[in-house]
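Shown next, in structure tokens, is the structure this report addresses.
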Amino acid sequence: MFKSVNAKLDAPSMEDNVLKMWKKQDIFKKTIEQRMGKPEYVFYEGPPTANGRPGVHHVLARAFKDMFPRYKTMRGYHVSRRGGWDTHGLPVEIEVEKQLGFNSKHQIEEYGVDKFNELCKNSVFTYIQEWEKLTDRIGYWVDLDEAYVTYTNEYIESVWWILKNFWEKDLLFKGYKIVPYCPRCGTPLSDHEVALGYDDAVDPSVFVRMPLVDKPDTSLLVWTTTPWTLPANVAVAAHPEVEYVTIERDHNGTKEKLILAKNLVEKIFKDEEVKVVDTYKGKKLKGVKYKPLFTFMTVDKPAYYVLLADYVTTEDGSGLVHQAPAFGAEDMEMAKQYDLPILLTVQPDGTFIPEITPWRGIFVKDADPLIIKDLDARGLLFRAGTITHTYPFCWRCKTPLLYYARESWYIRTSAKKDRLVELNNTINWVPEHIKAGRFGNWLENNIDWSLSRERYWGTPLPVWECENSDCKHRECMGSVAELSEKVGRDLTELDLHRPHVDNVHWKCVDCGGKMTRVKDLIDVWFDSGSMPYAQWHYPFENQDKFKQQFPADYICEAVDQTRGWFYSLHAISTLLNDDVSFKNVICLGHIQDGEGRKMSKSLGNIVQPWDVLNVHGADALRWYLYTATPPGQERRFSSDLVGDVIRSFTLTLWNVYSFFITYANLDKPQALTVTAPTNDLDRWLLSELNVLVRDVTNAYENYDVTNATRPVEKFVETLSTWYVRRSRRRFWKNDSSADKQAAYSTLYTALVTVAKLIAPAMPFLAEELYQNLVRSVDETAPESVHLAEWPQVMEEFIDESLNRDMNLVMKLVSLGHSARQKANRKVRQPLASASFSVGTTTERKALMNNVDTIADELNVKQVRLLDSATEAVSHTVKPFSKQLGQKYGNKFPAIQKAILSMNAEVVASTLMAGQPLEVTVGDETFQIISEEVEVKTQAKSGFAVAEDGAYVAALVTDLTPELIAEGMAREFVRRVQDLRKATDLDVADRVELFVEATAGLRSAIEAHEVYIKAETLTTKLSFANPPANASVVEDEFEGEKVKVGLLKA
RNA sequence: GGGCUUGUAGCUCAGUUGGUUAGAGCACUGUGCUGAUAACGCAGGGGUCACAGGUUCGAAUCCUGUCAAGCCCA
């Protein structure tokens, strides 16, 4: 009836078979098709790039992505899960540059942008087969056949449409951006590239005087490590709250006054005696004018005064920061805020412009000493030295990077800041702190999105500009049709990438000049953030599809995407249609190695997913990722940690499953559905099972992965170590009683339900269990567990008090074992009685309802309550600090002391009689009730005792000859069972026994012959020398000797 | 420099609105049990709850500061 099950599980090969079955029966497609017309559950795949190999961190994200579509499918939703690939951008270009041995943009231009981009396009899917293979193997169901690809013309056209929309709303504009720039390579560097090139550098450390306009004998003392930026100086920044001083000192025989931060005086002047003539807050300096150091450039706006900025520190320098907006991001921000002029004194190749006459054409770093000399000659230099600090260099050519103002296109996201924040507040973030924290903060401090990139392989910015520098008329194209109309020919076949699109021109409507596309591409994050629209070529096609699939119910990526994809999705949908693009998001922490270090090539500690998959399988890997830590946390990862999952969870479940199959195939139980359970164990298990279904379902609904998985582990453990252990005999019984049927149907229900509950998390094991448990007996059942319905909570089965009672029973049994151990009485030796003390009346009842279970577990003849009336007991009392503390506050310590100083027996008897206890402290009297004091009962003597809190187990350990004989019979059974096992008999095989034993043991065996024969499935037991062909064991215990021979009957 | 997160046993993690004796699993040791089990039960060792202050009758928990780690930004 059921397929027989190997008790040993080979997870990888089991999973392989499941994969084959899914493929053969096209299950994934069916999970989508069979839910057609059902409510839509929308999942967006954040597109990965396939020009690199997938690693463990991709498995992490994909495992979490996979869970909810599977869950929602089982809940009856239609979940199409379209894959996607991110195909543009610098990483692709860099790979191609490496291939070609290039290290600069010049080389690309010389080589030909068309050929270069062709190579980029071809390299985009270098590793797609590895991606597909891994995706398949880990059971991530995503539609890769229909995946959207960001480099297609359709995708780009949708992106253009969005940009045009922004253009029309005046949200797309041109401005300056400070970028880390390599003057040799002639290109700005990405943050990632900058991070590659930090190194120690020795730079000038220069203090200069900037004399005040109104008081020429007083100067601002200003510090810089980049003297070459001084000709571009337009202002000086002071911190509003920092204390500044004016000091007086001797200088070449005269007195001079200098202004600087108070707590830097000592550092700068060291032993020199200076006189502080004034002290004030930085904000007093606001607007103070100074004479410019250089006047090469004319300024068209107010400049050369002190402004206030919070980022000024007094760690280094003088507390007065020189502002050159063209060469510092913070400076540029201040320039925007104060409307300062921006002096571009340096050319893209890193040399001074002609206007800087003394140093024209000189590389700025080489000009540093010359500038210092010039300042010194004019008496403006206060001090020049050097400083060693970390500074970024170009990772390709080691040239020191300049921070440099470049023209750049922006999206005016700051205009919609409030809306970005408001809409974010409607999104469910997991973990929750990201919403107001990392992401919310980022939105609160929103700055305009720097959109353009001076590169080759990406979505071109669809803005055309008149080449006539007096005209500069600009137009933004929102579709291919619009562009075609402009030029008067059909451009449908045009490749929208560079350089082809750059060759499209038309006549300027204003001046008749030539309209040419600006050279920039757009940020790849704009590509991926456009996917809700662009994946459908919206609005040019699929308007209904878009409406149906927007916004996403669920997305999931790692935490580094807060500023990446999460932001680009959110910003674009907010600006475009004033809506969120996702409702729920899980934000994953990063993966570290087994020691908690981050995985990196240089450390050589990268774990390859295949190494884990081939050994432990995908389910164990997935389960580990779900259960190890909450999703937002970093998680340690190693093959061994995944292996623990197999041992602690998978095998436990598998063994219960194989136990069920083994006996069910022997017994062929009639019905497998549960109706109204009568057996307490069954009732309890079904109660726990439905609590589990309830809790796991709630967790899934709340995107709480940890609580959707961990409780299943706990349940399976209890199922194995309590339910099955306690029920074993019910399965062994040689009949087909109703009780046995009930045991089968209960265990069956538990296993099938667990299979469904783990289906989203462990899709393979769930399928394996389901196919055998369900499909092999019911051909009408859904073809796959992933097509099955999610289990319903059957509230009528939930009985919380029953669950509490069983917990108590386990607790008392545990105490009983503990007492046994203390008395050094092994469990095979029956004892006369176990007595217990429990806390409440309900618990007393629960104990009495379960005396049989407890007696059996502890191997005692009698189970009862310790009774103060009949037993020799004593009591101790312990005031509950929580109750008393909350009630009496700071009087609690005195009350506690008073209670403890009273006679414990008196206190106990008063409280147990339900009387309030009168406690006097000083001249106050308090009425203490029984709920406020724990009363512990203890056995005085004649018992082996174990206790925990209010719970006490006391065993009578005296042995009678009858008890000893029974113990010996059990010892004997144990030997026979071992022999059966060693002889490799089947569980149901009958045997014949031949026994030689010393007198005491022999009489014990004779006395318990019926029991022994039943336990060991013995048809005939004779006291005789075993025949030659029998399996034989000899042993000695309790001073008796035995020789047993066994033959299969 | 700023923001966010984390810090509890050798390891992986729990720890409810503050309650006096801080838990579980793994690993280790001892012992017991077992015809589903690669298991399981009981016991033991192992903790200045990162550190320092503060609030409180009482702090792993609340507040302030410090340190360390990770991520993002500058």
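Letters A, B, ... are given to chains in the order of the sequence lines, protein chains preceding strands, and every chain is numbered from 1.
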Interatomic distance, OG@A:S720 vs CG@A:N655, rounded to 0.5 Å, equals 7.0 Å
A:E924 CD to A:I895 CD1 distance, which is reported to the nearest 0.5 Å:
8.0 Å
Cationic N near anionic O, under 4.0 Å, A:E857 to A:R726:
yes
I'd like to know if A:K882 pairs up with A:E932 as an ion pair, taking the criterion as any Lys NZ or Arg NE/NH1/NH2 lying under 4.0 Å from an Asp or Glu carboxylate oxygen.
no
Between [options], which one does the side chain of [X] approach most closely?
X      : options             : answer
A:L985 : B:C4, B:G35, B:U37  : B:G35
A:K882 : B:U37, B:G19, B:C13 : B:G19
A:R563 : B:C72, B:A38, B:G19 : B:C72
A:N890 : B:U5, B:C57, B:U34  : B:C57
A:T721 : B:C13, B:C72, B:C40 : B:C40
A:V656 : B:A36, B:C71, B:G41 : B:A36
A:H817 : B:C57, B:C71, B:G41 : B:G41
A:R970 : B:C4, B:A36, B:U34  : B:U34
A:R974 : B:A36, B:U34, B:C72 : B:U34
A:S818 : B:G35, B:A38, B:A43 : B:A43

Shorter than 3.5 Å, N or O on both sides, protein versus nucleotides 27-30 of chain B: list them out with atom names.
| from | atom 1 | to | atom 2 | distance (Å) |
| --- | --- | --- | --- | --- |
| B:A27 | OP1 | A:R647 | NH1 | 3.1 |
| B:G30 | N2 | A:Q821 | NE2 | 2.9 |

Assigned partner base of [N], Watson-Crick or wobble definition, under 3.5 Å:
N     : value
B:C11 : B:G25
B:U64 : B:A52
B:C71 : B:G3

Indicate, yes or no, whether a donor-acceptor pair under 3.5 Å links the base of B:U37 to the side chain of A:K8.
no
Nearest heavy-atom pair of A:T957 and A:A823: which atoms, and what distance?
CG2-CB, 3.6 Å
Starting at the 5' end of RNA chain B, which residue's closest nucleotide do you reach first, A:E971 or A:E634?
A:E971
Is it the case that atom CG in A:N824 sees more than 12 heavy atoms from other parts of the structure closer than 6.0 Å?
no
Check: A:F660 ring centroid to A:F731 ring centroid under 6.0 Å
no
Check step by step if side-chain hydrogen bond (donor to acceptor under 3.5 Å, both in side chains) holds for A:N698 and A:D695.
CA-CA 5 Å; A:N698 284 340; A:D695 292 352; 4.8 Å; no
Select base, sugar-phosphate, or nothing to describe what A:K981 touches, counting heavy atoms under 4.0 Å on all strands.
base
Pairwise N/O distances under 3.5 Å, protein to nucleotides 58-60 of chain B:
none

Take A:R647 and A:D644 through the test salt bridge (charged side-chain N to carboxylate O under 4.0 Å, His left out) and record every step on the way to the result.
CA-CA 5 Å; A:R647 282 190 315 136; A:D644 286 344; 3.1 Å; yes
Do A:Y567 and A:N446 get their side chains close enough for a donor-acceptor pair, meaning under 3.5 Å?
yes
